[in-house]
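Read through the structure below, which is laid out as structure tokens, and then see the notes.
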Amino acid sequence: MLETPRRARQVATLSLVFGAVLLAGAATGAWGDPSEAPRRPSADAVRPASVVPGVTADPAGTALSEQQAEHLLGASGDRWGAYYSAQEYAEFSQGLDGRYLGVGLSVGRGEDGVTEVSQVAPGGPAAAAGIAPGDRLLRIDADQADRLPVTEVVARLRGRDGERRAGSEVTVDVRRGDGEVRELRLRRALLDSQQVTAEHLDKGVLRIVVRAFTTGVADQVRAALRAPHGGVVLDLRGNSGGLVDEAVATAGAFLDGGAVGSYQERGDTRELTAPAGGDQRTPLVVLVDGGTMSAAELLAGALQDRSRAVVVGSRTFGKGTVQQPSRLADGAVLEMTVGRYHTPAGRSLDGTGLTPDVPASGSEDADALALRVLAGLGTRA
């Protein structure tokens with residue numbers, strides 16, 4: 001049975017902002033274990049921020065209940081339509097700004113059923129309390145963590161309705177190795193999500209991972225590119241989309257201006273153009289998979305269409321539509337699909353996805369394949 005539009009978009013929102021953690025575990029204050037949550041694909045971050053700015057007012061000045069909104073969306077057949085309460089949309093907007101409310105750790109669950117800390121955000125409440133990767137999470141308030149689904153662990157740490165605010169507290173019991181159990185009281189805070197990471201691989205190759213396109217991602221990619229390198233692997237696997245203007249600006253890091261794509265909005269075509277001055281010489285491979293969605297697909301498709309990069313991996317998801325939000329009288333937000341994206345060559349990826357230039361077989365290491373392809377392209381000294 002398909003999720004309701006509201007549930008699907010809640011999954012989409014969390015996947016968008018914290019998609020990177022889906023591979024490693026559960027982002028505390030963000031998301032849960034993907035094996036225990038619907039894997040409905042993520043939508044874009046509602047609109048290209050540079051083209052459809054902000055939230056439009058509902059001309060009727062009406063308010064809808066959640067049930068009425070879901071009935072309306074169901075009747076419209078809009079797969080990506082969604083209803084948000086005022087609080088949900090505020091949290092969504094925070095995520096697009098590169099922030100989230102939480103305690104700054106990620107958790108995962110091993111085959112033995114143990115709930116373990118996998119990552120700790122530097123400077124967050126968990127780090128300040130001395131929690132480290134590898135610590136076992138034993139208890140959340142009065143409940144044993146191992147007896148809760150990971151999604152519920154995340155919800156408890158993030159805070160329920162009355163607790164979802166900076167400064168609210170959660171008590172956890174943690175144990176490092178076979179040492180003593182520590183009871184810690186953590187205050188939730190607004191934290192910066194880490195959407196871009198970079199590392200140097202062998203032979204001067206720079207690997208840049210972009211997990212989602214939130215505010216500032218393009219600047220972070222450009223900053224990463226200032227490090228010495230002779231070739232680039234741009235890893236968009238698991239990238240669930242985000243702000244289209246950030247994806248377009250990221251394209252500008254590898255293109256000297258020109259088309260990134262377009263979208264149709266109620267019969268009008270809107271062009272998306274990269275800023276000038278990007279590096280067009282350094283060999284570039286883009287890694288994609290079935291979790292590459294929306295704005296990430298648009299970016300990969302633009303670099304492919306313009307022969308700037310070789311796309312490696314598996315077929316992308318195929319979400320190529322634009323949603324525009326309208327604010328209702330009670331502060332809630334209703335989103336409806338208003339258009340469809342096209343790559344510079346005029347391709348619509350909606351429902352079909354992007355086919356890689358070099359496909360990776362199911363048993364093949366896509367990272368190793370990307371490096372082989374990059375070696376074939378040569379690297380700059």
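Just so we're clear, the structure is a prediction, and the values are computed from it rather than from any experiment. The first residue in the sequence is number 1, and the count goes up from there.
Note: Asp256 CG to Arg281 CZ = 13.0 Å, rounded to the nearest 0.5 Å. Atom-to-atom distance recorded for Leu334:CG and Asp78:CG is 9.0 Å, nearest 0.5 angstrom. Interatomic distance, OG1 of Thr343 versus CG of Asp305, reported as 3.5 Å (0.5 Å rounding). Between the CG atom of Leu377 and the CG atom of Leu284 there is a distance of 9.0 Å, given to the nearest 0.5 Å. Taken to the nearest 0.5 Å, the CG atom of Leu371 stands 9.0 Å off from the CG atom of Leu369.
A search for side-chain hydrogen bond (donor to acceptor under 3.5 Å, both in side chains) contacts involving Thr273 returns nothing, not counting sequence neighbours.
In this structure, the side chains of Ser76 and Met336 come closer than 4.5 Å at one or more pairs of heavy atoms. Residues Val196 and Arg211 have side chains not in contact (no heavy-atom distance under 4.5 Å, counting atoms from C-beta outward). Annotation: side chain of Tyr83 is not in contact with side chain of Leu72 (no heavy-atom distance under 4.5 Å). Contact check for Glu152 versus Leu157: no side-chain heavy atoms found under the 4.5 Å cut-off. Looking at Arg79 and Thr337, their side chains never come closer than 4.5 Å, going by heavy atoms from C-beta outward. Using a 4.5 Å cut-off on side-chain heavy atoms (C-beta onward), Leu191 and Pro125 make contact. Within the 4.5 Å cutoff, no side-chain heavy atoms of Leu236 are placed close to those of Leu287. Using a 4.5 Å heavy-atom threshold, the side chains of Val221 and Val210 count as touching.
Side-chain contact check for Thr292 and Asn239: no donor-acceptor pair (N or O, by modelled atom type) lies under 3.5 Å. A side-chain N or O of Arg347 and one of Gln304 form a donor-acceptor pair less than 3.5 Å apart. Remark: the Thr316 side chain and the Glu297 side chain contain an N/O donor-acceptor pair separated by less than 3.5 Å. A donor atom on one side chain and an acceptor atom on the other are not found under 3.5 Å apart for Ser314 and Asp289. A donor-acceptor pair shorter than 3.5 Å cannot be found between the side chains of Thr321 and Arg340.
Taking Ile, Leu, Val, Met, Phe, Trp and Tyr as hydrophobic and joining them when side-chain heavy atoms fall under 4.5 Å apart, one finds Leu138 in a cluster with Val181.
Arg270 places no side-chain N or O within donor-acceptor distance of the main-chain N or O of Tyr263, the cut-off being under 3.5 Å. In terms of modelled atom types and a separation under 3.5 Å, the side chain of His200 and the main chain of Ala227 share no donor-acceptor contact. For the pair Glu246 (side chain) and Ala218 (backbone), a donor-acceptor distance under 3.5 Å is present. No donor-acceptor distance shorter than 3.5 angstrom exists from the side chain of Asp135 to the backbone of Val174, with no hydrogens or angles considered. For the pair Gln220 (side chain) and Gln195 (backbone), a donor-acceptor distance under 3.5 Å is absent. A side-chain donor-acceptor contact under 3.5 Å links Arg139 to the backbone of Ala142. Not a single donor-acceptor pair under 3.5 Å links the side chain of Asp235 to the backbone N or O of Val209. Arg188 places a side-chain N or O within donor-acceptor distance of the main-chain N or O of Arg158, the cut-off being under 3.5 Å.
The two residues Val312 and Ala366 have their closest heavy-atom pair at CG1-O, 4.5 Å. The shortest non-hydrogen separation linking Pro283 to Gly378 is CG-O, 2.7 Å.
By the 6.0 Å contact criterion, CZ on Arg175 is enclosed, its count of non-hydrogen atoms from other residues, nucleotides or ligands being greater than 12. A 6.0 Å sphere centred on CG of Asp112 holds more than 12 heavy atoms belonging to other residues, nucleotides or ligands. Counting non-hydrogen atoms of other residues, nucleotides and ligands closer than 6.0 Å to NE2 of His71 gives a total of 12 or fewer.
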Before giving the answer on side-chain contact (heavy atoms from CB on, under 4.5 Å), spell out for Phe254 and Leu234 the whole-Å C-alpha distance, their side-chain angles and the decisive distance to 0.1 Å. CA-CA 10 Å; Phe254 303 101; Leu234 180 62; 4.0 Å; yes
For the pair Asp143 and Arg156, evaluate salt bridge (Lys or Arg N to Asp or Glu O under 4.0 Å) and give the outcome as yes or no after the intermediate values. CA-CA 10 Å; Asp143 297 309; Arg156 298 283 186 91; 2.4 Å; yes
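Ion pairing of Arg136 with Glu116 is absent here, as no side-chain N (NZ or NE/NH1/NH2) approaches a carboxylate O to less than 4.0 Å. A salt bridge is absent between Arg182 and Asp173: the closest approach of a Lys/Arg side-chain nitrogen to an acidic carboxylate oxygen does not fall below 4.0 angstrom.
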